[in-house]
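Heads up, the thing below is written out as structure tokens.
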Amino acid sequence: MTDLVTLAELGVPLAAIGGAAYARHAHPAAYWSTVGLPVSVVRLLASYSSTMEACGLTVEPSRWRALAVRATTRREIRPVPPRRGVIRPTSTGLRLRLRLAPGQEPADVAASAERLRHAWGVHAVHVRDVKPGVVELRLIGFDVLRRVQMPRRIDSGPLQVPVALREDATAFVRDYQAVPHELVLGATLSGKSMFLRNLLTKLAAQPVVLVGIDCKRGVELAPFAARLSALATEPGEAVELLHVLVKEMEDRYDLIKARQGIAPGTPEELITSDIWGLPESERPAPVVLFIDEVAELFLVATKKDEERRDEMVTQLIRLAQLGRAAGLYLEVCGQRFGAELGKGATMLRAQLTGRVCHRVNDEASAKMALGDIAPEAVGAACAIAPDLPGLAVVGDTSGGWSRIRTPYLSLSEAAGTCRDTAHLAPDLPALTPFRPYVPPMPVEASGPVASPRPATE
């Protein structure tokens with residue numbers, strides 16, 4: 001009887017432990033809010049000083065503080081950790097700020113991020129420089145890239161669209177004015193098309209001219225034809241479309257030059273070097289060019305194809321070098337993009353500031369995307385598992401990089417968004433000959449359908 005009572009008493013704790021283990025695996029966000037958050041806060045508060053000392057983040061106290069301690073308590077003088085701010089819980093972790101002691105720098109804290117992660121029992125610790133002498137620790141309680149949930153509040157603006165989730169639970173915002181051109185690489189089924197799909201549908205809600213070049217017969221970009229102002233599906237059309245875009249860029253430069261040539265004494269705010277300084281009534285709409293599988297533009301079979309390839313590459317390089325001030329931006333996608341594609345490939349790649357590398361089949365492809373801007377990110381790109389489509393490493397010419405993952409967006413939902421926002425497409429007459437055909441939506445029959453009379457009648 002006593003044994004039965006003991007088992008009954010243990011049943012409740014065992015059930016609670018089992019439920020917590022299941023929630024941690026199946027519902028990590030709920031587990032963090034109910035169990036992980038309180039436990040991590042207690043660990044942090046109880047071991048803050050000893051953990052900082054073990055990580056080498058403490059310094060000797062000032063002379064006046066040492067004298068005060070000796071005079072009042074006669075305790076042993078211990079090193080002083082960085083001053084800790086208020087702990088702010090979030091739905092994915094914790095945030096707190098540290099005021100660095102004299103002689104410390106943010107790199108010292110970043111080097112100890114892995115030790116802090118284990119000491120406080122969290123999934124990851126990220127360090128961000130807030131201002132001189134102050135850093136922010138962002139503790140992540142679980143793997144936010146396993147099941148992507150975008151933040152509810154995201155700051156965005158013109159040509160700024162949230163596309164993916166970073167590993168520190170913040171949104172990756174594609175800002176075309178800060179990073180005008182971008183290269184997106186990835187093997188088959190790596191999530192490259194999903195990234196492009198999210199980016200295009202987010203831009204569709206803004207007054208932006210969307211142009212596509214898809215030499216795979218348009219299978220990737222044709223579902224979004226309702227929102228595209230132009231679409232080229234074979235190299236011959238691509239050559240003509242690029243000529244029109246270069247001519248549009250030159251016309252916009254003429255418009256800017258005319259504004260710069262105004263009479264002396266004009267206020268400085270009326271003098272500009274790009275379209276964003278023009279009055280809103282005169283400012284042309286920005287243009288974003290999506291190129292899917294850029295290698296198709298470089299492949300040649302005959303001498304005539306080679307001449308066409310050189311012509312297309314020249315026009316693309318001109319757009320990449322001069323397009324930003326005219327409001328023309330490039331989004332180039334492919335599986336590989338190296339010197340083996342032919343003349344002009346590396347020159348074009350050098351003009352693409354932003355880099356997004358999904359899972360690739362070899363290290364050389366990762367080096368093509370990230371090796372010249374963030375060599376440390378090459379290893380992270382090669383370590384992406386095949387069972388996590390949409391996971392990528394993003395970097396730019398500043399040398400910084402991070403992991404991101406794109407949320408799932410079905411093709412039918414993305415196509416529906418493009419149909420609903422078709423009226424937002426700005427009118428650019430030069431692109432009218434390249435406007436894709438959009439089949440009409442089938443009309444559902446309303447009411448009973450009359451059946452035909454039998455032939456005998």
Side-chain angles (χ1 to χ4, degrees), residues 148-165 171-182 184 191-214 218-233 241 244-245 248 275-276 280-281 283-292 323 326-333 354 356 390 406-444:
V148 177
Q149 294 289 337
M150 295 295 288
R152 295 180 180 177
R153 296 182 180 179
I154 303 176
D155 295 332
S156 60
L159 289 174
Q160 296 177 355
V161 290
V163 207
L165 184 69
F172 169 65
V173 178
R174 178 73 173 93
D175 187 352
Y176 282 92
Q177 297 191 47
V179 181
H181 312 304
E182 187 174 64
V184 183
K192 182 174 75 275
S193 298
M194 189 66 66
F195 180 90
L196 184 65
R197 188 182 302 172
N198 275 269
L199 183 57
L200 196 147
T201 52
K202 291 295 193 304
L203 283 173
Q206 298 190 12
V208 179
V209 178
L210 302 180
V211 179
I213 295 179
D214 182 6
V219 295
E220 291 289 346
L221 297 180
F224 317 119
R227 183 59 178 81
L228 296 178
S229 299
L231 176 63
T233 58
L241 178 57
V244 171
L245 292 177
E248 176 68 20
I275 65 167
W276 302 107
E280 190 172 354
S281 58
R283 185 188 310 151
V287 179
V288 179
L289 172 61
F290 294 91
I291 302 177
D292 187 75
L328 277 76
Y329 308 98
L330 301 181
E331 199 74 30
V332 181
C333 304
V356 177
T406 312
Y408 176 77
L409 179 65
S410 66
L411 183 59
S412 59
E413 185 179 356
T417 301
C418 290
R419 287 193 300 268
D420 295 340
T421 57
H423 64 284
L424 297 178
D427 184 26
L428 200 59
L431 298 178
T432 301
F434 303 95
R435 187 177 299 277
Y437 169 73
V438 182
M441 291 291 295
V443 180
E444 296 183 359

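Just so you know, these numbers use all the heavy atoms, side chains as well, and skip hydrogens, waters and symmetry mates. Since this is a predicted model, take the numbers as computed values, not measurements.
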To the nearest 0.5 angstrom, please state how far the OG1 atom of Thr233 sits from the CG atom of Asp292.
->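 With rounding to 0.5 Å, OG1 (Thr233) is 12.5 Å from CG (Asp292).
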Atom pair CG/CE of Asn198 and Met150 - distance to nearest 0.5 Å |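 Between Asn198 CG and Met150 CE, I get 8.0 Å after rounding to 0.5 Å.
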With Phe434 via ring-ring contact (aromatic ring centres under 6.0 Å, His included) - residues at least two apart =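 So Phe434 forms no ring-ring contact (aromatic ring centres under 6.0 Å, His included) with any residue.
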If every non-hydrogen atom of [X] is compared with every non-hydrogen atom of [Y], which pair is closest and at what distance?
| X | Y | value |
| --- | --- | --- |
| Arg174 | Val163 | CB-CG2, 3.6 Å |
| Arg197 | Ala414 | CG-CB, 3.5 Å |
| Thr417 | Thr201 | CG2-O, 4.1 Å |
| Val356 | Glu182 | CG2-OE2, 3.5 Å |
| Pro284 | Ile275 | O-CD1, 3.9 Å |
| Gly212 | Leu221 | CA-CD1, 3.7 Å |

Between Thr406 and Val148, does a side-chain contact (heavy atoms from CB on, under 4.5 Å) hold up when you go through it step by step?
-> CA-CA 7 Å; Thr406 312; Val148 177; over 6 Å; no
Any Cys418 side-chain heavy atom under 4.5 Å of Leu228 side chain |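 No, every pair of side-chain atoms sits at 4.5 Å or beyond.
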Evaluate the side-chain contact (heavy atoms from CB on, under 4.5 Å) criterion for residues Ser229 and Leu428: first the C-alpha distance (whole Å), next the side-chain angles of each, then the deciding distance (0.1 Å), finally the verdict.
-> CA-CA 8 Å; Ser229 299; Leu428 200 59; 5.8 Å; no
Quick check: does any side chain N or O of [X] sit under 3.5 Å from a backbone N or O of [Y], one acting as donor and the other as acceptor?
| X | Y | result |
| --- | --- | --- |
| Ser410 | Glu413 | yes |
| Gln149 | Leu165 | no |
| Asp214 | Val219 | yes |

Partner of Tyr329 under side-chain contact (heavy atoms from CB on, under 4.5 Å), chosen from Val287, Leu159, Leu289 =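 Only one of Val287, Leu159, Leu289 forms a side-chain contact (heavy atoms from CB on, under 4.5 Å) with Tyr329, namely Leu159.
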Among Glu331, Gln160, His181, find the one that has a side-chain hydrogen bond (donor to acceptor under 3.5 Å, both in side chains) with Tyr176.
->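 So the option named by the test is Glu331.
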Under the side-chain contact (heavy atoms from CB on, under 4.5 Å) criterion, do Leu424 and Gln206 qualify, and how do the steps go?
-> CA-CA 7 Å; Leu424 297 178; Gln206 298 190 12; over 6 Å; no
